[in-house]
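Let me begin by presenting the structure, written as structure tokens, before commenting on it.
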Amino acid sequence: MGNYTVVVIDFETTGLSPNMGDRTIEVGAVLVSNNQIIDRFQSLMNPGMRISGFIESFTGINNKMLSSAPSISEVMGNLKTFIADHQLVAHNASFDLRFLDAEFNRINHKRKNEFACSMLSSRRIYPDAPNCKLETLVRFKKLKTDGTHHRALADAEMTAHLWMRLIEDIKETHGLKNVPFKLMQNLSKIPKNKVSEILMKARESAHSSNRAN
DNA sequence: TGCCAGGCCCTCTTTAGGGCCTT
């Protein structure tokens, strides 16, 4: 495995918290299968409110661009189709999932997709990285990038390359043939000092099932 | 009135505080 399909997703938003009235303004998502990006989804969204100067300069998305963009509900309907029942990945997933769930809730849809977080995984697998910001990890691991940051599709693509690299590095460093999604989720949930133990158990269990076969 | 994110994770911890990450 490691060849299973995931959707890597990233949102640009008006702020940090949907509970405080913040909305999504752009989504980028990529479908990753067999260790490559095989499909892409991107759209701006009109949040129905003016965005701050900070967000305009942070993202490069301005109020004029959003005034002619489709409504959030229209884009969410299309996003729902794109992600289907795939497992989800995001960098600092708790952030993107909060917005995804809040916007899905507004179109009366409830997410059932499981998710994993590339930031939490990176904290465990790359303890020597200067920090675990997406931009830093892309530089640290020399991942593919066109230099664009804080735009949804560019960030989703970089996160996808980070995700694929994480799986490759775990395979290589810990002698695993496969890195199931469940193992990536577990890595994100366990304490840092349990990482080696969990990966060793995964390898032992893979070896014993190989012997059984 | 003025303030308001939230979850993870480390440590001088667990009857708590503060930095990291996302926009």
Side-chain angles (χ1 to χ4, degrees), chain A residues 6-30 42-63 65-66 69 72 75-76 79 83 88-106 111 113-141 143 145 148-163 165-166 183-198:
Chain A
V6 298
V7 168
V8 183
I9 191 165
D10 183 81
F11 285 109
E12 305 306 313
T13 70
T14 64
L16 291 173
S17 171
N19 289 339
M20 300 294 290
D22 288 315
R23 303 294 304 272
T24 54
I25 58 173
E26 187 184 38
V27 60
V30 296
Q42 181 275 336
S43 183
L44 291 171
M45 291 169 265
N46 187 342
M49 61 204 246
R50 289 190 65 80
I51 61 170
S52 68
F54 171 78
I55 294 296
E56 283 192 329
S57 62
F58 187 75
T59 62
I61 298 166
N62 60 44
N63 282 290
M65 292 160 72
L66 295 179
I72 296 180
V75 175
M76 284 298 144
L79 178 64
I83 68 176
L88 303 176
V89 172
H91 198 70
N92 196 12
S94 72
F95 175 85
D96 293 282
L97 268 287
R98 268 202 304 281
F99 277 97
L100 180 66
D101 289 351
E103 298 296 5
F104 270 177
N105 188 47
R106 285 169 180 266
R111 171 184 60 87
N113 315 57
E114 294 207 48
F115 68 93
C117 176
S118 58
M119 185 195 75
L120 295 180
S121 300
S122 296
R123 277 186 183 164
R124 287 154 177 76
I125 302 301
Y126 303 134
D128 295 334
N131 60 56
C132 283
K133 290 179 186 173
L134 180 58
E135 192 173 343
T136 303
L137 290 168
V138 164
R139 242 189 341 261
F140 182 68
K141 298 303 296 183
L143 301 175
T145 173
T148 305
H149 294 284
H150 308 305
R151 285 300 299 266
L153 186 58
D155 284 1
E157 294 203 26
M158 287 187 290
T159 301
H161 288 296
L162 174 60
W163 178 255
R165 177 62 69 83
L166 277 164
L183 177 58
M184 294 296 276
Q185 282 182 311
N186 287 341
L187 271 185
S188 300
K189 288 171 189 165
I190 58 171
K192 265 185 161 177
N193 60 8
K194 298 278 184 193
V195 169
S196 300
E197 190 182 319
I198 291 280

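Residue numbers start from 1 in every chain, and the chains themselves are labelled A, B, ... in the order their sequence lines are given, proteins ahead of strands.
Distances shorter than 4.0 Å separate some side-chain N or O of A:His150 from OP1 or OP2 on B:dT23.
Between B:dG18 and B:dT13, the distance separating the two C1' atoms is 12 Å to the nearest Å. Using P as the reference atom, B:dG2 and B:dG17 are 25 Å apart when rounded to the nearest Å. Only the C1' atoms considered, B:dT14 is 13 Å distant from B:dC10, to the nearest whole Å. B:dT23 and B:dG7: their C1' atoms are spaced 16 Å apart (whole Å). Between B:dC8 and B:dC12, the two P atoms lie 22 Å apart (nearest whole Å).
Side-chain contact annotation: A:His91 with A:Thr159, donor-acceptor N/O pair under 3.5 Å absent.
For A:Ser196, the side chain to side chain donor-acceptor pair (under 3.5 Å) test picks out no residue, with sequence neighbours left out. Every ring pair (Phe, Tyr, Trp, His ring centres under 6.0 Å) that A:Phe58 has, sequence neighbours left out, goes to A:Phe54, A:His150. Residues that satisfy the side chain to side chain contact (heavy atoms under 4.5 Å, CB included) test with A:Asn62, not counting sequence neighbours, are A:Glu56, A:Lys64, A:Met65. Among residues two or more places apart in sequence or in another chain, the side chain to side chain contact (heavy atoms under 4.5 Å, CB included) test is passed with A:Ser57 by none. For A:Ala29, the side chain to side chain contact (heavy atoms under 4.5 Å, CB included) partners are A:Val7, A:Ile9, A:Phe41, A:Leu79, A:Phe82, not counting sequence neighbours.
Nucleotide B:dG6 holds its C1' atom 17 Å from the CG atom of A:Leu100, rounded to whole Å. Rounded to whole angstrom, the span from the CG atom of A:Asp101 across to the P atom of B:dG6 amounts to 14 Å. To the nearest angstrom, P of B:dT23 lies 22 Å from CZ of A:Arg50. Going from atom CG of A:Leu120 over to atom C1' of B:dG6 covers 13 Å, rounded to whole Å. Remark: P of B:dC8 and NZ of A:Lys133 are 21 Å apart, rounded to the nearest angstrom. Atom P of nucleotide B:dT23 and atom CE of A:Met49 are separated by 17 Å, given to the nearest angstrom. Distance, A:Phe95 CZ to B:dG7 C1': 13 Å, rounded to whole Å. Rounded to whole Å, atom P of B:dA5 lies 15 Å from atom CD1 of A:Ile55.
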I'd like a list of close polar pairs between nucleotides 16-20 of chain B and the protein, N/O only, cut-off under 3.5 Å.
| from | atom 1 | to | atom 2 | distance (Å) |
| --- | --- | --- | --- | --- |
| B:dC20 | O2 | A:Arg123 | NH2 | 3.4 |

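For residues 127-136 of chain A, the set of pairs meeting the side-chain hydrogen bond (donor to acceptor under 3.5 Å, both in side chains) definition, not counting sequence neighbours, comprises A:Asn131-A:Thr136. Sequence neighbours left out, the pairs with a member in residues 13-29 of chain A that pass side-chain hydrogen bond (donor to acceptor under 3.5 Å, both in side chains) are A:Thr14-A:Asp22, A:Arg23-A:Glu103, A:Thr24-A:Glu103, A:Glu26-A:Gln42, A:Glu26-A:Arg151.
Within residues 14-28 of chain A, the residues approaching DNA chain B are A:Gly15, A:Leu16, A:Ser17, A:Asn19, A:Met20, by heavy-atom distance under 4.0 Å.
The residue A:Phe99 sits apart from the nucleic acid: no heavy atom pair falls under 4.0 Å. Residue-level contact check: A:Asp96 touches neither bases nor backbone, having no heavy atom under 4.0 Å from any strand.
Without hydrogens or angle criteria, A:Asn92 side chain to A:Met119 main chain gives no donor-acceptor distance under 3.5 Å.
Heavy-atom minimum distance, A:Leu143 versus A:Met158: CD1-O, 4.4 Å.
Closest-nucleotide positions on DNA chain B for A:Asp10 and A:Arg98 were compared, and the one nearer the 5' end corresponds to A:Arg98.
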